[in-house]
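We name chains A, B, ... by the order of the sequence lines, and we start the count at 1 in each one. Just so you know, these numbers come straight off a predicted model, no measurement behind them.
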Protein chains: 2
Amino acid sequence: MARATIHDVARTAQVSLATVDRVLNNRGGVAAKSVKKVHDAVARTGYVKDQFAANLSRGNGYRFVFLLPAGQSAFVRKLIAEIARESDLNRKDRVHIDIRSSKTFDPVSQVASLRQIDPETTDCAAVIVSDVPQVRAELTRLRAAGVRIVSLVADVQAEARDIYVGPNNEVAGRMAGQFMGRLIREPVGPVLVIAGSLAARDHAQRLLGFRQVLQNDFAGLTLLPVVEGFDDAARIADLVARTLDAMSPVGIYAIGAGNAGLVAALRRANSAFRPVTIAHESTDATREGLRDGLIDLVIDQDPGRAVTRAVRLMRDMADKQIVPPARGEIPLSIIIKESLS
Amino acid sequence: MARATIHDVARTAQVSLATVDRVLNNRGGVAAKSVKKVHDAVARTGYVKDQFAANLSRGNGYRFVFLLPAGQSAFVRKLIAEIARESDLNRKDRVHIDIRSSKTFDPVSQVASLRQIDPETTDCAAVIVSDVPQVRAELTRLRAAGVRIVSLVADVQAEARDIYVGPNNEVAGRMAGQFMGRLIREPVGPVLVIAGSLAARDHAQRLLGFRQVLQNDFAGLTLLPVVEGFDDAARIADLVARTLDAMSPVGIYAIGAGNAGLVAALRRANSAFRPVTIAHESTDATREGLRDGLIDLVIDQDPGRAVTRAVRLMRDMADKQIVPPARGEIPLSIIIKESLS
DNA sequence: AAAAAAATGATTGGCGTTCCTCATTTTTAG
DNA sequence: CTAAAAATGAGGAACGCCAATCATTTTTTT
């Protein structure tokens with residue numbers, strides 16, 4: 001049996017095609033009882049809109065925007081590559097993706113970029129932005145204008161977006177804590193934590209989770225004062241080198257980016273003892289660290305996956321499907337030396 | 001600028017629409033120089049087929065078959081649920097998925113099921129089957145008849161399928177080995193390995209990887225003779241209980257399913273000492289084990305992800321896109337107590 | 001009961017391909 | 001050079017839905 005069409009729905013609902021159309025695309029001006037008749041008929045016939053025909057007819061496809069932090073960070077570069085890839089793969093389905101950028105950690109620049117997004121010509125935007133009032137206001141405005149908003153990688157307040165696509169960062173921190181405690185053969189001593197910026201919501205949440213586990217399960221480990229490295233490799237290298245000398249930490253947890261500095265410092269350290277080191281994101285620097293035994297474990301949020309998922313959900317949202325929040329969660333992967341191919 | 005259509009291609013190629021169509025859908029009967037003209041025009045205009053229009057016109061959408069092992073294993077149940085979910089999500093895009101099953105580990109039954117697949121009415125099949133000659137022959141026959149074949153979760157010989165979607169199982173085993181060595185505070189003593197069946201290609205590969213790492217990096221750990229549990233919980237429970245008493249292993253690596261038995265045996269064990277335990281797949285049993293501290297770490301191949309990926313690739317293949325083999329690889333995730341939400 | 005408003009029906013053209021058929025032109029073979 | 005074969009052109013119908021317009025019927029208001 002072929003699939004049901006609006007004709008079938010009209011016939012079983014005993015109304016005209018025009019009325020079915022009015023109901024399905026809620027153009028209004030339909031009596032309540034007719035609406036019900038149509039909905040019943042939809043249920044009875046098992047009608048599902050043929051998205052191909054719909055898109056073909058409407059003419060326009062999917063117009064998406066990705067708004068990313070500017071800059072050369074390995075993570076962002078990877079993200080861009082993945083978006084380009086995804087864009088190619090979806091071109092045959094009329095998906096058009098526009099990549100834009102705003103200054104990292106700069107709400108003013110972010111707001112400016114958001115203002116550039118024209119609700120008339122974009123169906124959905126995936127953004128990596130700061131969770132601050134001005135930005136939230138702008139997001140809310142866009143949503144009101146009909147642009148669906150996806151917060152990517154770093155979440156914002158729930159009211160300011162339609163869905164969050166990314167990992168659960170508190171869980172990430174807890175995993176880091178657990179592995180830290182267990183990979184240190186004798187878990188007693190100071191642990192160094194380097195964040196990018198504690199104003200970034202993802203970093204703050206990782207720290208929170210990490211703290212929880214250390215306090216509960218590994219009382220022997222003490223947290224040195226958390227330092228902010230602002231994802232700057234040189235600064236981090238210096239910082240790590242000095243801490244290694246002064247405090248002899250048994251563990252290092254690098255929450256943010258700039259891990260080339262971390263690896264460099266560890267490589268130069270001339271002590272026989274090497275702290276258990278955990279970092280985030282699979283990049284050239286962290287993979288090199290893993291390979292050479294300088295980093296023990298990397299917690300990765302596969303950007304390819306996040307992008308694929310984001311595009312998928314954007315399509316579904318543009319198709320007016322209901323998207324449950326859980327569908328945005330992407331699992332974290334753990335990478336160790338052995339996972340490198 | 002709107003996207004190019006075949007009309008644009010025809011115009012810039014200076015040929016008729018009919019010729020463009022003949023070339024693009026290679027119906028033959030076109031002079032070599034016209035073919036070239038068309039291809040050039042495609043390149044020049046940046047023409048990409050509008051899959052919506054194509055599907056609408058052709059009438060039929062995507063007809064896929066999943067062939068799974070029968071039985072009540074938690075993994076298969078989850079797989080089925082994920083396929084159903086994916087099927088729902090894709091219905092609007094005219095994807096129709098048929099789920100069938102064959103007796104587990106039974107090539108004869110598998111061949112029979114494969115024979116049931118009608119090349120006329122199916123575009124692509126994703127199968128979990130044994131990698132044996134009869135099955136391979138049947139797969140090859142199907143491929144020749146125009147059915148694209150995806151080997152799911154467990155691979156088969158490359159010639160017998162179009163692409164493998166699943167994790168790299170040797171890497172999985174290596175990861176297990178590395179964590180085994182590092183999570184045991186003092187890595188000296190015997191390690192118990194339980195496989196489902198060493199005839200299953202995925203299990204054999206995991207064992208291979210595990211062995212490699214233990215031999216190279218953790219010489220203090222010795223492998224007890226590998227036992228086959230045939231994914232049977234009762235048998236495994238008995239086996240584990242007896243080994244715990246007799247050999248006091250410092251580690252247990254459960255390669256296959258039936259982990260309810262493993263957890264039960266560990267729970268009943270009344271020794272103060274508990275071996276470091278690593279298992280595969282996130283199921284009720286393994287999650288319970290993690291939560292209660294009986295299992296230390298689970299290596300998971302997210303079935304949802306495998307299914308999503310499989311469907312995506314099946315669509316791309318049905319659309320006659322070139323699909324690079326690497327796109328089938330799905331990463332492994334590591335689950336510990338802390339990852340449970 | 002008449003007038004106004006609301007609801008519904010009927011119909012049309014178009015979206016970009018696919019898959020036809022039939023006519024015409026060009027090339028090749030004899 | 002003619003006949004046959006090959007290549008090309010021209011055009012139309014269909015796929016299922018959308019977005020209109022205009023006509024007609026039903027309901028509500030005065």
Using a strict cut-off of less than 4.0 Å between a Lys/Arg side-chain nitrogen and an Asp/Glu carboxylate oxygen, indicate whether [X] and [Y] qualify as a salt bridge.
X	Y	value
A/Arg91	A/Asp93	no
A/Arg327	A/Asp316	yes
B/Lys92	A/Asp50	no
A/Arg143	A/Asp162	yes

How many Å lie between [atom1] on [X] and [atom2] on [N], as a whole number?
X	N	atom1	atom2	answer
B/Phe52	D/dG16	CZ	P	16 Å
B/Gln14	C/dT25	CD	P	18 Å
A/Asp21	C/dT12	CG	P	17 Å
A/Leu17	D/dT21	CG	C1'	15 Å
B/Asn55	D/dG16	CG	P	12 Å
A/Lys320	D/dC17	NZ	P	17 Å
A/Ile6	D/dC15	CD1	P	13 Å
A/Lys92	C/dT18	NZ	P	13 Å

Item to check | First encountered from the 5' end of DNA chain D, between A/Asp50 and B/Val30 | outcome: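 Taking each residue's closest nucleotide, the earlier one in sequence belongs to B/Val30.
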Checklist entry - With nearest nucleotides of DNA chain D determined for B/Ala18 and A/Lys33 from heavy-atom distances, which residue corresponds to the more 5′ nucleotide? => result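 Of the two residues, B/Ala18 wins.
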Next on the checklist: Of the listed nucleotides (D/dG16, D/dC18, C/dT17), which one gets closest to any side-chain atom of B/Tyr47?
Outcome noted: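 From the listed options, C/dT17 comes nearest.
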Next on the checklist: On DNA chain C, does the nearest nucleotide to B/Val48 precede the nearest nucleotide to B/Arg22 from the 5' side, or the other way round? Give the residue.
Outcome noted: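 Taking each residue's closest nucleotide, the earlier one in sequence belongs to B/Val48.
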Next on the checklist: Quick check on DNA chain C: between B/Thr5 and A/Gly29, whose nearest nucleotide comes earlier from the 5' end?
Outcome noted: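 Looking at the nearest nucleotide for each, A/Gly29 comes out on the 5' side.
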Checklist entry - With no angle test and no hydrogens, is the base of D/dG9 tied to the side chain of B/Thr19 by a donor-acceptor pair under 3.5 Å? => result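 Such a pair does not exist between side chain and base.
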Checklist entry - How would you label the contact of B/His7 with the nucleic acid (heavy atoms, under 4.0 Å): base, sugar-phosphate, or nothing? => result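 Base: the residue B/His7, judged by heavy atoms under 4.0 Å, touches a nucleobase.
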Checklist entry - What is the nucleic acid contact for A/Asn25, judged by heavy atoms within less than 4.0 Å: base, sugar-phosphate only, or nothing? => result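 Here A/Asn25 touches the backbone only, sparing every base.
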Item to check | A/Ser57 side chain to A/Ala53 backbone, donor-acceptor under 3.5 Å | outcome: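 No; judged by distance alone, with no hydrogens or angles, the pair does not exist.
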Checklist entry - Phosphate oxygens OP1/OP2 of D/dC17: is one of them under 4.0 Å from a side-chain N or O of A/Arg58? => result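 For D/dC17, OP1/OP2 do not have a side-chain N/O of A/Arg58 under 4.0 Å.
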Next on the checklist: Does C/dG9 have its OP1 or OP2 closer than 4.0 Å to a side-chain nitrogen or oxygen of A/Ser16?
Outcome noted: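 Answer is yes, contact under 4.0 Å.
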